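This one's a predicted model, so the numbers in the text were calculated from it and none came from an experiment.
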Amino acid sequence: MSKTYFDETHCAIGHPKSTFMQWMLTVDHKRIGLMYAAVIFTFFFVAVAVAFTLRLELFAPGQQFLDPNTYNQVFTLHGVIMVFLFIIPGIPAVFGNIVMPLMIGAKDVSFPRLNWFTFWLYIFGALIALSSLWTGNGFADTGWTFYAPYSLNTDTNVITTLVAAFVLGMASILTGLNFIVTIHRLRAPGMDFFKMPLFVWGIYATAWIQLLATPVVGITLVLAILEKTFGIGIFDPAKGGDPILFEHLFWIYSHPAVYLMILPAFGIMSEIIPAFSRREVFGYRTIALSSAAIAGIGYLVWGHHLFTSGMSDIAKVIFSFLTFLVAIPTGIKFYDWVATMYKGKIILSVPMLWALGTMITFVIGGLTGVTIAMVGPDIHLQDTYYTVAHFHYAMLGGVVFLFFAGLHYWFPLVTGKMYPEGKAKIAFYLNFIGFNVLWFPMFIAGYQGMPRRYFDYLPEFEIYHQVAFFGAVIFISGLVYMFYVLIKAWKNGEPSGTNPWNATTLEWHLPTSPPPLENHTKVPYVDFRPYEYHHGEPVVKFDLKTMKRID
Amino acid sequence: MLTNYKTLKAGYYKVLIGLLVLTTITFVQPYMFMLDSTFGIQMLIGAVKAWIILMYYMHLKGEKLIGWTVIFAVALVVVFFAIVVVDVEHFQYKDASHITSQELDVTHTTSHEK
Amino acid sequence: MSHEYVPEIAVDRDGKEHEVQGWQGDFYGGKLGFWLFMLTEVMMFGAMFLVLTYYFSLHPADFLEASSELNVLLGGTNTVVLLISALTMGLGLLKMRNGDIAGAKLMIWATIILALLFLGIKAVEWTNEYQHGVFLGLDALQSGNEHSKPFGQILFFGMYFTMTGLHGFHIIIGIGLMLWLLKRINAGKVSTEHHILHFNIALYWDLVHLIWVFVFPYFYMIGAGDVVGGVINAH
């Protein structure tokens with residue numbers, strides 16, 4: 001009875017005796033999610049360290065210890081790791097895997113072996129990416145966007161990085177495919193789409209982006225590889241190819257990709273806000289459908305990356321207009337969350353703190369995004385630190401902060417242990433303050449004309465870079481401290497019990513914590529909405545042995 | 001065992017004949033008729049063939065959910081086409097562009113005639 | 001993983017029983033998953049057609065000129081070969097569903113042979129083109145030398161080799177899949193009751209055919225014939 005998923009597992013091939021091999025071959029969604037988490041956060045810290053060397057170099061004008069070419073490779077490395085290895089797989093790979101099947105009352109995802117294969121495909125892609133650090137003429141120096149024609153002409157090892165991005169894209173596609181089928185097929189009886197927890201909605205919308213947008217960039221990368229190897233001419237202006245077409249195709253995926261990152265993060269927010277307000281979420285349907293709307297509109301806005309690239313004026317206006325539309329469903333979500341908290345019994349636990357902090361940082365990130373979605377201001381702000389600050393506020397202050405919120409929220413579920421609340425709060429404040437000190441000055445510097453990706457700068461920008469540097473020090477200390485607290489709690493923490501937050505969704509109604517191998521003892525019949533609270537207490541109660549309602 | 005094996009098998013052959021007829025039209029059209037719109041005709045025949053293959057060989061007939069996902073994906077491709085075409089059609093520096101201004105022969109005049 | 005799957009029953013508050021769908025033996029789930037995979041192929045080739053159409057709109061005359069240089073006879077034969085292979089594949093699946101395992105295997109072998117025939121013809125075609133100096137990496141498709149073709153033609157042939165090449169790659173994958181399918185049938189893992197693998201590989205083969213249905217006319221036929229798009233061909 002008390003065996004958990006740490007004690008036993010199903011394997012893809014045979015059933016090896018050694019624990020290590022059991023982990024390598026496991027098909028259990030929880031174990032796979034956990035392994036993703038380990039790898040993904042390792043890469044996260046590598047990329048943070050890489051970014052810190054950039055900050056060090058930028059502490060003073062002129063050259064310190066990185067030469068300009070190395071600097072280009074370093075920011076490319078930072079971008080490639082953060083985008084392709086960390087944030088795109090990110091929340092779906094970790095919490096989509098661990099939590100989503102639990103939330104819908106499934107025993108596993110629809111294709112457990114494919115899930116296992118996908119994980120190793122991801123590892124394979126990561127190894128290719130890393131191998132390009134030491135092979136060929138050094139790591140790519142193109143930026144993570146690989147813009148043609150420079151990426152076609154540079155003699156750094158772009159091909160290997162492109163292959164890695166392609167393989168990682170395939171892993172992403174297969175994850176999305178698996179999740180769509182899982183959500184369609186394996187929901188517990190009675191759970192229709194509008195009884196699903198909102199995180200599942202986020203994962204579902206994301207999965208569609210992974211599935212349908214990723215192939216476009218996949219083939220673009222293949223065309224770029226063929227261009228570099230055989231010279232097919234498609235993106236090479238010397239042979240009549242159009243580099244702008246590369247940008248079109250690249251952003252057809254890469255812009256929806258940011259919604260791919262944020263939608264599951266919004267899902268986490270939608271879980272945390274009702275659980276810690278002890279109140280049914282306000283406007284469930286609007287939150288759910290706005291996820292779908294963001295995913296849908298998100299396909300049609302890629303052109304706002306091309307305002308200064310030489311696109312036609314009419315296309316600029318269309319894309320600008322469509323981009324504004326994204327703000328509507330996003331705004332709906334924010335108002336719904338605020339309305340959920342109104343008159344709720346708000347408990348300022350660590351996950352809630354992270355969620356509330358994100359509300360501030362993401363609103364800054366989102367609204368500055370609206371300013372650069374306008375064609376006029378964008379001509380001034382494109383490729384400046386303003387844009388850098390914008391997407392770090394949206395990605396780091398939005399996606400990653402909510403990732404951390406989820407990390408604290410589901411930590412007791414995954415590990416069965418509870419972390420010390422006080423220390424985790426200190427970690428939050430360090431992160432939150434450090435983050436803002438790090439990136440807010442960049443808005444000002446960028447507005448005044450500090451260009452992005454420059455190795456050197458004019459003396460008047462020195463103050464912003466130095467403030468940002470101190471922010472970076474605080475932020476990184478916060479990150480390290482947070483993971484230190486969590487890892488220590490995993491080892492020595494107090495047992496958490498199965499439902500420490502008084503949350504309502506199915507993943508908190510498991511017989512043990514951490515969960516057993518095949519999840520719920522019995523699959524429940526779902527005839528209730530996901531967040532039902534009455535006077536601050538969950539309405540739906542289960543007998544965890546029979547999974548029958550006892551309220 | 002299938003009760004309607006014979007009917008299904010006959011169905012496969014019927015579809016084959018249909019596709020062969022369409023393919024024949026594909027072959028002869030550029031030499032025989034509507035020579036001014038070969039591209040349009042060819043793509044139209046392609047679309048009809050694709051529809052037949054989807055419906056009968058790939059058993060899409062009666063598949064509600066899968067049918068909608070296919071429609072969604074194809075619609076997305078169409079939208080990508082539409083947007084890129086709008087952009088290309090309205091590009092205001094066509095004449096100054098290296099990749100479009102090089103050819104001073106037939107291409108140049110035809111693309112401006114319409 | 002080898003344990004027998006027994007469908008679970010969930011009971012609601014009125015005592016009514018509801019069968020729980022597990023991931024094991026989920027035929028519809030397998031089908032849905034494979035369709036979703038095929039949608040990614042649609043997006044991939046859709047993006048390539050987008051590239052192709054974009055350059056066609058820039059260089060219509062060059063495209064027609066280049067298209068007329070392709071060998072319609074070989075390409076057309078391949079079209080018919082694929083058409084028949086789609087039939088054999090479909091019949092194989094039908095026989096499998098009808099319990100005729102031997103017949104199904106025969107049909108899969110027929111499909112493999114047709115696929116190899118397709119690749120063979122493709123190889124002849126590419127060799128011919130290579131001998132005429134039109135191939136990736138040769139002077140004609142590079143810029144700035146005396147053999148250089150005009151932009152439109154370089155792009156046409158670049159996309160021609162890319163797209164038919166990737167299509168051929170799919171054919172090779174398809175052959176591999178069919179050989180694997182035969183192995184699974186021989187091992188008794190694919191049977192009349194449990195034929196999702198066969199079903200999905202048949203779907204895959206139809207998709208490969210489907211892509212060719214557009215690739216063929218777009219490359220071979222648009223410039224065939226004497227008078228096209230209002231432009232008289234050079235020869």
Q: With chain B as the partner, which of C/V72, C/L83, C/V80, C/I84 has the greatest number of non-hydrogen pairs under 4.5 Å?
A: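 Top option by heavy-atom pairs under 4.5 Å: C/L83.
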Q: Using a 4.5 angstrom heavy-atom cutoff, name the option from B/Q29, B/K9, B/M43 with the most pairs to chain C.
A: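 Between B/Q29, B/K9, B/M43, the count favours B/M43.
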Q: Quick one: what part of C/Y218 sits under 4.5 Å from any heavy atom of chain B, side chain, backbone, both or neither?
A: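 Both backbone and side chain.
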Q: Enter the distance from C/L87:CG to B/Y13:OH here, rounded to the nearest 0.5 Å.
A: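 With rounding to 0.5 Å, CG (C/L87) is 5.5 Å from OH (B/Y13).
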Q: Quick one: closest heavy-atom pair of C/L39 and B/T69, and the distance?
A: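 Where C/L39 meets B/T69 most closely, the heavy atoms are CD1-O, 3.6 Å.
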Q: So what's closer than 4.5 Å to chain C heavy atoms on B/V70: side chain, backbone, both or neither?
A: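 Answer is both: backbone and side chain atoms of B/V70 are under 4.5 Å from chain C.
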Q: Grab the two heavy atoms, one from B/P30 and one from C/A224, that are nearest each other, plus how far apart they are.
A: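 Reported closest heavy-atom pair: CB-O, 3.5 Å.
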Q: Considering non-hydrogen atoms only, spot the tightest contact between C/G90 and B/Y12 and give its length.
A: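 Smallest heavy-atom distance, with atoms named: CA-CE2, 3.4 Å.
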Q: Rounded to the nearest 0.5 Å, what separation is found between the NE2 atom of C/H209 and the CE atom of B/M58?
A: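 The distance works out to 10.5 Å.
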Q: Given heavy-atom pairs under 4.5 angstrom as the criterion, report whether the side chain, backbone, both or neither of B/F72 touches chain C.
A: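 The answer is neither part of B/F72.
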Q: Which one, B/L65, B/V85, B/T23, leads in non-hydrogen pairs under 4.5 Å with chain C?
A: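 Heavy-atom pairs under 4.5 Å are most numerous for B/L65.
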Q: Looking at C/W205, C/Y28, C/F49, which has the largest count of heavy-atom pairs under 4.5 Å with chain B?
A: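 When all of C/W205, C/Y28, C/F49 are compared, C/Y28 has the most.
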Q: Can you tell me how far the CH2 atom of C/W212 sits from the NZ atom of B/K49, to the nearest 0.5 Å?
A: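 Here the rounded value is 10.5 Å.
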Q: Non-hydrogen atoms of chain C under 4.5 Å away: do they reach the side chain of B/T26, the backbone, both or neither?
A: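 Backbone plus side chain of B/T26, per the 4.5 Å heavy-atom cut-off to chain C.
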Q: Using heavy-atom distances under 4.5 Å, tell me whether B/E63 contacts chain C through its side chain, its backbone, both, or neither.
A: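 For B/E63, side-chain heavy atoms alone lie under 4.5 Å from chain C.
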Q: Minimum heavy-atom separation for B/V88 to C/S57, with atom names?
A: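 Between these two residues, the closest heavy atoms are CG1-OG, 4.2 Å.
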Q: Would you mind checking which part of B/I41 comes under 4.5 Å of any heavy atom in chain C, side chain (CB onward), backbone (N, CA, C, O), both or neither?
A: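 The answer is neither part of B/I41.
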Q: Using the benzene-type ring in the case of Trp, are the ring centres of C/F199 and B/H59 under 6.0 Å apart?
A: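 They qualify: ring centres under 6.0 Å apart.
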Q: Would you please test B/Y57 and C/M89 for side-chain contact (heavy atoms from CB on, under 4.5 Å) and show each step?
A: CA-CA 9 Å; B/Y57 275 2; C/M89 195 66 182; over 6 Å; no
Q: When you compare the side chain of B/V77 with that of C/L50, does any pair of heavy atoms fall below 4.5 Å?
A: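 SC-SC contact between C/L50 and B/V77 ruled out.
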Q: Tell me, for C/L207 versus chain B, whether the close heavy atoms (under 4.5 Å) come from the side chain, the backbone, both or neither.
A: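 Interface part for C/L207: both.
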Q: Count the heavy-atom pairs under 4.5 Å between each of C/T40, C/L210, C/L93 and chain B, then report the option with the highest count.
A: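 When all of C/T40, C/L210, C/L93 are compared, C/L210 has the most.
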Q: Which atoms form the tightest heavy-atom contact between C/F214 and B/A50, and what is the distance?
A: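 Looking at all heavy atoms of both residues, the closest pair is CE1-CB, 3.7 Å.
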Q: Strictly under 6.0 Å, is that where the ring centroids of B/F27 and C/F216 end up?
A: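 Judged by ring-centre distance (under 6.0 Å), B/F27 and C/F216 do meet the cut-off.
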Q: Any idea which heavy atoms bring C/M43 and B/A73 closest together, and the distance?
A: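 Between these two residues, the closest heavy atoms are SD-O, 3.8 Å.
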Q: Please flag which part of B/M32 lies under 4.5 Å from any non-hydrogen atom of chain C: side chain, backbone, both or neither.
A: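 Contact with chain C is absent: no heavy atom of B/M32 under 4.5 Å.
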